[in-house]
Asks: 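My questions will all concern the structure given below.
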Amino acid sequence: MVSADMQTKEPASLCDLNEPLIDHSEGQHFLNETFKIIMEEVLRKGTDIKEKVCEWKEPEELALLLDLELRATGEPRHRLLQRVKDVAKYSIKTSHPRFFNQQYGGVDYHSLAGRFLTEALNTNLFTYEVAPVFVLMETEVLRGLRQLVGWTEGDGIFCPGGSTSNMYAMNLARYRLFPEVKSQGLWGLPQLTVFTSPESHYSVKKGAAYLGLGTDNVILVKVDDGGRMIPADLDEKIELAKSQGAVPFLVSCTSGTTVQGAFDPLDHIADVCQKHKLWMHVDAAWGGSVLFSKQHRHLMKGVDRANSVAWNPHKMLVAGLQCSVLLLQDTTNLLKQCHSANATYLFQQDKFYDVNLDIGDKSVQCSRKVDCLKLWLMWKAVGSDGLAERVDRAFIHIRYLVEQMKKREGFHILGEPEFVNVCFWYIPPSLRGKEGNADYQDRLAKVAPVIKERMMKQGTMMVGYQPLGNRVNFFRVIVFSPLVSQKDMDFFLNEIERLGNDL
């Protein structure tokens, strides 16, 4: 006999089961109120120079303010809306004109509308039957980007970030050389080597580790004073690796390095790759958008000779996170051959439409977010000319900023910028003229971290700093947001002086 406490609980009534579990009216009201908060706190205040870039709180205090605990019972609407306000208030305002911290920022309202629509539609981009609009849209956007590279044919895919794009390229290059790796694994492969510069993105080493190549097999090629790869040294290192029994298979060059914004000489590197029959990958996650500009696309001369290009429109074009593509010159369906698993519950071959439209097997993901709509809608709104104007304007701002720095005592630029990264030391009055002192470098290294802490706690602006090689901490200011004006450049310099003058 079943005891009373073991008996099955009575199910909900049939009447209850005939009603949806979610109250549409309540949900839509909450959504409307949330949008009001977004418009006010994020998009109005978050782009207003009179407002703070950040509202700094220590982790313990912030956790209490946000009431992060998850409970068994739900909370009423007014409390949830307060949580939404708190999230908006205490998050970094990356759209603010004085957010110079990262290679993303600003806001494009057409792109943002595309992001809202993407979230509302909640589509998985793997088959034409569930994502007909976006299969066609992604194809067209990739075609437009490939044309800017200089390819009339090719392939590509939207990836979850530039690091993934770089890893895809590495995997494709290995598969092209050793297709048996897909089925047999690594055991039968020779020692494979990758060549890149010490200023390339760390995802090259991460990719080598992730794919089982090993970080020791990432060979660093010398760079010049501006951070650009030296092709002659690349050639020498490839020859040396071959003489030691290794098999070089990939050169990963960079268009727009993370710190200095350097552009590797692609044409000359392509000559070396052609000589040794190596896959040439261009990590243009940061710098790729210069291809829109007639004035500045020369920085990527030779990119059309590459096998693959990584490009993040969420950076300089302000398409919004995340928007990253891998572009391929390949026309042999290498992406699908390398990554396909032929899952029959998704990719049936007897569908009533062209199954080539089922693009999901090109990806290592199954669930893949729609990232093309925000770029497509923005591109449709402003056109290629409008995007080119944004690129050109960023360069104008940088020239102005550098000119003003040179007029002020205490600003020391590491080198003339090639792109829209400006790297500099701020030397407070107490250190000026003391470059020969034994403790000068140690004292200079402490300046940037203190200024950064002060600006964060006061919320006035944000800019990053880092060491590089034997150079102690210096600032790297990134300027590209279409919301930025010359007044913001002047404010930036004044604020650095104000925050650091007493150090």
Side-chain angles (χ1 to χ4, degrees), residues 125 134-176 196 200-201 203-204 207 250-256 263-264 266-267 269-270 273 278-293 297 299-317 319 322-339 359-365 368 370-376 378-379 384 387-388 391:
L125 217 173
F134 299 120
V135 166
L136 298 180
M137 184 180 291
E138 179 168 293
T139 300
E140 181 59 27
V141 172
L142 290 169
R143 185 192 66 80
L145 294 173
R146 282 197 308 270
Q147 282 186 334
L148 289 165
V149 171
W151 300 333
T152 56
E153 294 181 292
D155 203 352
I157 193 168
F158 275 77
C159 297
S163 294
T164 304
S165 298
N166 291 338
M167 292 182 195
Y168 266 46
M170 197 176 290
N171 199 37
L172 290 167
R174 181 176 65 179
Y175 177 81
R176 185 185 69 163
T196 193
S200 66
H201 194 259
S203 59
V204 178
L250 172 79
V251 175
S252 183
C253 32
T254 312
S255 288
F263 284 75
D264 289 340
L266 301 183
D267 236 353
I269 292 170
C273 291
L278 304 188
W279 183 291
M280 177 179 168
H281 174 64
V282 179
D283 176 3
W286 176 217
S289 298
V290 300
L291 292 174
F292 275 98
S293 168
R297 64 173 292 118
L299 291 168
M300 291 183 65
K301 184 177 182 296
V303 67
D304 57 305
R305 300 175 64 188
N307 296 91
S308 55
V309 176
W311 183 353
N312 289 3
H314 70 236
K315 293 187 174 180
M316 195 173 199
L317 296 184
Q322 61 193 18
C323 190
S324 306
V325 298
L326 175 69
L327 306 174
L328 298 168
Q329 190 169 182
D330 173 75
T331 58
T332 66
N333 216 10
L334 191 66
L335 259 178
K336 187 172 182 180
Q337 293 172 38
C338 182
H339 297 144
I359 58 177
D361 235 5
K362 293 181 178 183
S363 170
V364 296
Q365 302 166 258
R368 190 163 68 93
V370 173
D371 288 327
C372 58
L373 174 56
K374 50 198 159 198
L375 176 56
W376 178 83
M378 178 178 71
W379 200 339
S384 299
L387 296 176
V391 174

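In this text the structure is predicted, and so the values were computed from the model without any measurement.
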Asks: Which heavy atom of Trp311 sits nearest to which heavy atom of Ser289, and what is that distance?
Replies: NE1-OG, 3.2 Å

Asks: Roughly how far, to the nearest 0.5 Å, is CG of Asp264 from OG of Ser200?
Replies: 8.5 Å

Asks: Is it the case that the side chain of Gln337 and the backbone of Thr332 share a donor-acceptor pair, with hydrogens and angles ignored and the cut-off at 3.5 Å?
Replies: yes

Asks: Which heavy-atom pair separates Leu326 from Ser165 by the least distance, and what is that distance?
Replies: CD1-O, 3.7 Å

Asks: Output, in order, the C-alpha distance, side-chain angles, deciding distance and verdict of side chain to side chain contact (heavy atoms under 4.5 Å, CB included) for Cys338 and Asn171.
Replies: CA-CA 8 Å; Cys338 182; Asn171 199 37; 3.5 Å; yes

Asks: Regarding His281 and Ser308, do their side chains bring together a donor and an acceptor under 3.5 Å, going by distance alone?
Replies: yes

Asks: Between Thr196 and His201, does the side chain to side chain contact (heavy atoms under 4.5 Å, CB included) criterion hold? Intermediate values first, please.
Replies: CA-CA 9 Å; Thr196 193; His201 194 259; over 6 Å; no

Asks: Taking distance alone, no hydrogens or angles, what donor-acceptor pairs closer than 3.5 Å link side-chain atoms of residues 149-162 to residues at least two apart or in another chain?
Replies:
residue : atom : partner : partner atom : Å
Trp151  : NE1  : Asp304  : O            : 2.9
Asp155  : OD1  : Lys362  : NZ           : 2.8

Asks: Run the ring-centre check on Tyr168 versus His339 and record whether the distance is less than 6.0 Å.
Replies: yes

Asks: Could you go through the side chain to side chain contact (heavy atoms under 4.5 Å, CB included) check for Val325 and Leu145 one step at a time?
Replies: CA-CA 9 Å; Val325 298; Leu145 294 173; 3.9 Å; yes

Asks: Report the C-alpha separation of Thr254 and Asp283 in whole Å, then their side-chain angles, then the decisive distance to 0.1 Å, and conclude whether the side-chain hydrogen bond (donor to acceptor under 3.5 Å, both in side chains) test is met.
Replies: CA-CA 5 Å; Thr254 312; Asp283 176 3; 5.0 Å; no

Asks: Quick one: does any side-chain atom of His314 pair with a main-chain N or O of Gln322 as donor and acceptor, under 3.5 Å?
Replies: no

Asks: Hey, does the side chain of Arg305 reach the backbone of Asp267 with a donor-acceptor pair shorter than 3.5 angstrom?
Replies: yes

Asks: Short question: side chain of Ser163, backbone of Ser203 - any donor-acceptor pair under 3.5 Å?
Replies: no

Asks: What's the spacing between Leu148 CG and Met300 CE if we round to 0.5 Å?
Replies: 10.0 Å

Asks: Can you sort out the partners of Ser255 under side chain to side chain donor-acceptor pair (under 3.5 Å), two or more places apart, ordered by chain and number?
Replies: none

Asks: So, do Gln329 and Val309 sit near enough that their side-chain heavy atoms are less than 4.5 Å apart?
Replies: no

Asks: Taking side chain as C-beta onward, heavy atoms only, is Leu335 less than 4.5 Å from Leu328?
Replies: yes

Asks: Which atom pair, heavy atoms only, marks the closest approach of Val204 to Ser252?
Replies: CG2-OG, 3.7 Å

Asks: Looking only at atom types and distance, does a side-chain atom of Asn307 sit under 3.5 Å from a main-chain N or O of Met280, one as donor and one as acceptor?
Replies: yes

Asks: Quick one: CD on Gln147 to CG on Leu327, what's the gap to the nearest 0.5 Å?
Replies: 11.5 Å

Asks: Is any side-chain heavy atom of Leu142 closer than 4.5 Å to a side-chain heavy atom of Arg146?
Replies: yes

Asks: Say you draw a straight line from CG of Leu125 to SG of Cys372; how long is it, rounded to the nearest 0.5 Å?
Replies: 6.0 Å

Asks: Using the ring centroid of each side chain, check whether Phe292 and Trp379 are separated by less than 6.0 Å.
Replies: yes

Asks: Would you say Leu172 and Tyr175 make side-chain contact, with heavy atoms under 4.5 Å?
Replies: no

